[in-house]
Structures are given as C-alpha cells and as structure tokens.
Amino acid sequence: MSDITIRRATADDSRRLTRLVRSSRAYRGDYAAMVEGYQVGGPYIEHHSVFVAADGGGDGNGNGGGGGKVLGFYALLVDGAGAGGEAELDLAFVADEAQGLGIGRLLMEHMAGQARAAGLGSVKVVAHPPAEEFYLRTGAVRTGTVPPSGSVHWERPELRYDVA
C-alpha cells in the first residue's frame, strides 16, 4: 500500500464521498434504505470538519487538493460543543476494498486529534450496529442504546471517545 494522506475534504469531493456511502457493503439488505438517495453535499463538507484518507495526493497537513483515490472519510460535528464539550462523529466510512488495511483506525486517530486540538473532551458516536465492534476496537466505550426512530427501525449503539 502506498502512502496514505489525510486531508480536509472540499466540495469537489462530494460525488466521491456520496458514492462511497451509497456503495458500502455495510448498508445492504435491511440497512439499504438508510443510504438510498443519501448525499454528502458540498455545503455539508464546507460547514463541518470532513476529512478524507486518500492514497497519495494532498500535502499531509489537512489541505485539500482532491489528489489520490479516496479510501475513507469522517465528518466531525463540533457546532456548539464548546471547550471541554462533546462533538459528534456524524459519518465514518471506509471503502469496501480498503477495509482491513488500517484506514479506519487512522481516521479515528486523526478525528480524536482534531477534537483534542479544538479543546473538546469527548466525541459521541451513534453507530451503525455492524460497526460497533470497530469503534470499540479503536478506543470508544459504549454508553447506551438509541431506540428506533423515523426511518431507522432498529436500536443503535451509542458510544463515546474520550479525547481530553
């Protein structure tokens, strides 16, 4: 595997990130409705802390450039978290063909660093049930369960990364 760069996503990444979400094997069967028609839009990317792991490209300092094949990404919501507060990990995806290569772990380490640099104390995750084990392996602790609501017809694990 060549060098992996984590860089800040740009609106130009919208189609690639949307394709990654919609094609994820984790959202087949009963879960397919969750990502059908889902879009990671340019305004979302520009407003939130969205970072991509790419195979080559970028400058390694989180600056965009659109270079390299996108292997995964995450979106951290920090609005209103305040110093010592809690952000939320809204999206985290690794391309099916890149799973098992350490990309997800790299992204979670980067996410924790970004949260820590912002002065936050923790990051909440409401996880897709099949992803719970991944989050636990990368340092999250389970804090509860979110009941079904809206178009989500199953319970979801709630977890937390302590980053302070």
Side-chain angles (χ1 to χ4, degrees), residues 1-81 87-115 117-118 120 123-135 137-138 140 146 149-154 156-157 159 161:
M1 181 169 66
S2 54
D3 292 333
I4 304 301
T5 302
I6 297 183
R7 62 171 174 79
R8 183 75 186 245
T10 68
D12 290 341
D13 291 309
S14 177
R15 281 192 286 183
R16 291 191 279 183
L17 302 186
T18 296
R19 189 170 34 251
L20 200 155
V21 169
R22 289 184 187 176
S23 67
S24 175
R25 278 192 312 246
Y27 286 88
R28 294 203 178 127
D30 291 341
Y31 300 122
M34 289 299 303
V35 296
E36 184 177 309
Y38 193 88
Q39 182 174 0
V40 184
Y44 177 91
I45 292 169
E46 291 173 350
H47 181 76
H48 298 294
S49 295
V50 181
F51 287 86
V52 301
D55 185 359
D59 67 4
N61 292 317
N63 296 314
K69 179 178 179 174
V70 173
L71 302 173
F73 78 98
Y74 73 86
L76 185 63
L77 309 184
V78 297
D79 290 349
E88 182 170 355
L89 182 66
D90 187 40
L91 299 169
F93 282 84
V94 173
D96 292 341
E97 66 274 10
Q99 291 186 12
L101 301 176
I103 305 298
R105 180 173 295 280
L106 189 64
L107 285 167
M108 292 305 98
E109 289 170 358
H110 188 272
M111 176 274 304
Q114 290 293 308
L120 301 171
V123 176
K124 176 176 114 175
V125 180
V126 177
H128 181 48
E132 179 179 14
E133 187 60 35
F134 164 77
Y135 291 117
R137 283 193 322 265
T138 58
V146 175
S149 66
S151 64
V152 179
H153 305 290
W154 52 87
R156 292 173 292 159
L159 304 107
Y161 286 97

(request) Nearest 0.5 Å please: distance from the CG atom of Leu106 over to the OG1 atom of Thr5. (result) 9.5 Å

(message) I'd like to check the ring pair (Phe, Tyr, Trp, His ring centres under 6.0 Å) partners of His48; sequence neighbours left out, ordered by chain and number.
(response) Tyr44

(request) Mind listing the closest non-hydrogen atom pair of Ala9 and Leu17 along with its distance? (result) CB-CD1, 4.3 Å

(request) Of all the heavy-atom pairs spanning Arg8 and Val50, show the shortest one and how long it is. (result) CD-O, 3.5 Å

(request) Taking all heavy atoms of Asp13 and all of Val70, pick out the closest pair and write down the distance. (result) OD1-CG2, 4.5 Å

(request) Indicate the atoms forming the closest heavy-atom contact of Arg137 with Arg105, along with that distance. (result) O-NH2, 3.2 Å

(request) Please round to the nearest 0.5 Å and tell me the distance separating atom CD1 of Ile6 and atom CD of Glu109. (result) 8.5 Å

(message) I'd like to check the side chain to side chain contact (heavy atoms under 4.5 Å, CB included) partners of Arg22; sequence neighbours left out, ordered by chain and number.
(response) Thr18, Gln39

(request) Applying side chain to side chain contact (heavy atoms under 4.5 Å, CB included), run through Leu89 and Tyr135 and close with a yes or a no. (result) CA-CA 11 Å; Leu89 182 66; Tyr135 291 117; 3.7 Å; yes

(message) Val126: which residues meet the side chain to side chain contact (heavy atoms under 4.5 Å, CB included) condition with it, sequence neighbours left out?
(response) Glu88, Lys124, Val146, Arg156, Glu158

(message) Can you confirm whether Phe134 sits close enough to Gln99 that some side-chain heavy atom of one is under 4.5 Å from a side-chain heavy atom of the other?
(response) no

(message) Suppose we screen for ring pair (Phe, Tyr, Trp, His ring centres under 6.0 Å). Which residues come up paired with Tyr161, at least two apart in sequence or across chains?
(response) none

(request) Over all heavy atoms of both residues, which pair between Ile45 and Ala11 is shortest? Give the atoms and the distance, please. (result) CG2-N, 4.0 Å

(request) Report the distance from atom CE of Met111 to atom CG of Leu76, rounding to the nearest 0.5 Å. (result) 6.5 Å

(message) With heavy-atom distances below 4.5 Å as the criterion, would you say the side chains of Phe93 and Val40 are in contact?
(response) no

(request) For His47, check side-chain hydrogen bond (donor to acceptor under 3.5 Å, both in side chains) against everything at least two apart and list the hits. (result) Asp79

(request) Would you please name every residue forming a side chain to side chain contact (heavy atoms under 4.5 Å, CB included) with Ala26, sequence neighbours left out? (result) Ser24, His128

(message) Using side chain to side chain contact (heavy atoms under 4.5 Å, CB included), reason through Val123 and Tyr74 one step at a time and then give a plain yes or no.
(response) CA-CA 12 Å; Val123 176; Tyr74 73 86; over 6 Å; no

(message) To check you understand the geometry: which heavy-atom pair defines the closest contact between Phe73 and Leu107, and what is its length?
(response) N-CD1, 3.6 Å

(request) Calculate, to the nearest 0.5 Å, the distance between atoms CG and CG belonging to Leu77 and Asp90 respectively. (result) 4.5 Å

